[in-house]
Every structure is written in structure tokens, then in C-alpha cells.
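Read through the structure below, which is laid out as C-alpha cells, and then see the notes.
Along the sequence shown, the residues carry numbers beginning at 1. Remember, it's 1-based here, ligands and their atoms both numbered in the order they're listed.
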Amino acid sequence: MAPKIAIVFYSMYGHVQKLAEAEAAGIKEAGGSCDLYQVAETLPEDVLSKMHAPPKPSHIQTLSDPSVLEQYDAFLFGIPTRYGNYPAQFKAFWDKTGGQWQSGAFWGKYAGVFVSTATPGGGQESTVISAMSTFVHHGFIFVPLGYKTVFGTLADMTEVRGGSPWGAGTFAGGDGSRQPTEKELLLATEQGKAFYGAVSRVNFH
Ligand SMILES: Cc1cc2nc3c(=O)[nH]c(=O)nc-3n(C[C@H](O)[C@H](O)[C@H](O)COP(=O)(O)O)c2cc1C
């Protein structure tokens, strides 16, 4: 049976959402399908408005109850960096998963990560590495982007570009005005394809 895949992300300004949509397109191109979820906001409205955060997309379901994820075999997590680490919204989500941790509900499921930072050096790799501890405790199997299908793009130094073998990535710019470039979106699509290729080899059911 085809793997059931969910893309779970947090996005304050839309960059990670754009990468999530490109990842979903990659999964589709590879012959699969997936569901998109955004993790719940934890900041109050007045703080969000001071941070100039736009309203969240209403067409993407908000994930409040982690047990919803138990039906899936594999996950791509989209994470915007906070101090080289993942945001409190993501942590708040994981902190609700004590039940799944104890029962091993996510054990042996597959996980990949894609990220957004303001700048190069802002923590693309460290954000993925920070997520690793949570994955290990739950027993997720990490699937990196690697180089196999994207060597040319990852080795291309002709323009500023986010993304690494750890996963696709974009640079939002110091003021958030930079949008994901063609190459960054390509890496996200290729990650979706490669992720589907890896997890569809597994006999889940
Ligand atoms: C509190 C805070 C901390 C941040 N820390 C970092 C950081 O350590 N490195 C970095 O490059 N960008 C940092 N950023 C910028 C965010 O990573 C950027 O806004 C995000 O990647 C944009 O993605 P989004 O549009 O999906 O929210 C920070 C932003 C905020 C609000």
C-alpha cells in the first residue's frame, strides 16, 4: 500500500508554507499524495500584530491533537528558525505528544525536515539537528535530502540559496521580504520526490 504522508509545518510569514507546497508537489509528481497541517499558534494576537504576522491560511487544517498523526506512516516537518532552533509553536506541539512517546505510536515512522532562516549562517543545519532529539525520543527514522538527486543544485555556488543535504531551505531575509527562489523551491520539490521514493519502498501495512 502507498505510504500515508503528512506535511506538518509552522509558518509565521509564509516562507515555510511555500516550501511545504513545493514538497507536496514533489510527492505528487512522484506518484504519491499527502495531507498538509499547520501546527497551532501559541502567541497572542497583539504580539502577532506587533510582529506583522499575516493571518494564517484558512485552507490548511490546524493540528491541535497529535493523535491525528498516528494514522500516517511518514512526515515532512517544515520549521522556521528561532535562534538556530525550532520555534516555541513547534515545541508546544511536541510537548503534547507524551502519550505517543510512551506508547511508541510514532516509533518506526519516517521523518524529513525543511527549514527557513533569515540569512545564511542563521541556522539551517542547526535547526534540523535540533529537531533530531525529538525524533530520536519518538523513534522516528530520519530521511535526509542527501545529495543523490540534487547534487548539481547543492553544489551550484552562482547564487545565494538555502537548503542543504539535511533538507530544503529558504532565506527569508532580515526583514522577511525575500521570497523562496526557483532553486530553493526546486530543492523542496526534489525533497518531496526523494522522500516519497524512500518511504514508498517500505511495506507499511
Ligand atoms: C524570535 C525570532 C527569532 C529568529 N531567529 C532567527 C535565527 O536564529 N536565525 C535566522 O536566520 N533567522 C531567525 N529568525 C527569522 C525567521 O527564521 C524567519 O522569520 C522565518 O524563517 C521565516 O519563515 P516563515 O515565513 O515561514 O515564518 C527569527 C525570527 C524570529 C521572529
Side-chain angles (χ1 to χ4, degrees), residues 5-27 34-64 75-95 111-135 144-145 153-154 157 159-192 195:
I5 302 176
I7 298 183
V8 179
F9 68 91
Y10 175 76
S11 186
M12 184 174 272
Y13 301 108
H15 298 81
V16 169
Q17 186 191 332
K18 284 188 182 133
L19 294 185
E21 285 158 358
E23 298 269 357
I27 292 171
C34 62
D35 296 327
L36 262 72
Y37 294 94
Q38 48 185 337
V39 300
E41 186 53 81
T42 56
L43 291 172
E45 272 309 321
D46 60 321
V47 174
L48 289 169
S49 118
K50 282 181 187 144
M51 293 175 83
H52 307 288
K56 296 283 184 296
S58 55
H59 65 287
I60 298 177
Q61 46 202 328
T62 299
L63 186 62
S64 303
F75 305 91
L76 283 167
F77 294 106
I79 311 177
T81 294
R82 298 286 183 269
Y83 313 112
N85 204 323
Y86 57 59
Q89 292 84 349
F90 228 84
K91 183 79 166 74
F93 171 74
W94 286 118
D95 287 0
V113 179
F114 53 97
V115 295
S116 172
T117 62
T119 57
Q124 300 231 326
E125 285 97 333
S126 65
T127 300
V128 185
I129 293 166
S130 304
M132 220 51 75
S133 180
T134 303
F135 293 165
L145 171 58
T153 311
L154 285 180
M157 307 248 297
E159 63 181 55
V160 173
R161 171 197 45 71
S164 77
W166 293 86
T170 186
F171 298 132
D175 61 359
S177 63
R178 185 179 182 273
Q179 292 304 308
T181 64
E182 211 174 295
K183 281 189 181 147
E184 290 169 344
L185 292 169
L186 174 75
L187 283 176
T189 306
E190 290 299 326
Q191 182 175 12
F195 186 76

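Heavy atoms of M51 come nearer than 4.0 angstrom to ligand 1 in at least one pair. Heavy-atom distances between G123 and ligand 1 stay at or above 4.0 Å for every pair. The shortest separation from a heavy atom of G176 to ligand 1 is not under 4.0 Å, leaving the residue out of contact.
Taking the six-membered ring where the residue is Trp, the centroids of F77 and Y86 are separated by 6.0 Å or more.
The protein non-hydrogen atom at the shortest distance from atom 26 (O) of ligand 1 is S11 OG, 2.6 Å. Looking from atom 10 (C) of ligand 1 to the surrounding protein, the closest heavy atom is A118 N, 3.4 Å. Distance from atom 30 (C) of ligand 1 to its nearest protein heavy atom, with residue and atom name: R82 CD, 3.6 Å. Looking from atom 21 (O) of ligand 1 to the surrounding protein, the closest heavy atom is S116 OG, 2.7 Å.
In this comparison of Y83, Y13, F9, F171, the heavy atom closest to atom 8 (O) of ligand 1 sits on Y83.
Remark: ligand 1 and A172 share no N or O pair separated by less than 3.5 Å (distance only, no angle test).
Exactly one of D35, I27, L19 qualifies for a side chain to side chain contact (heavy atoms under 4.5 Å, CB included) with I7. That residue is I27.
Using modelled atom types, one finds a donor on one side chain and an acceptor on the other under 3.5 Å when comparing Q179 with K18.
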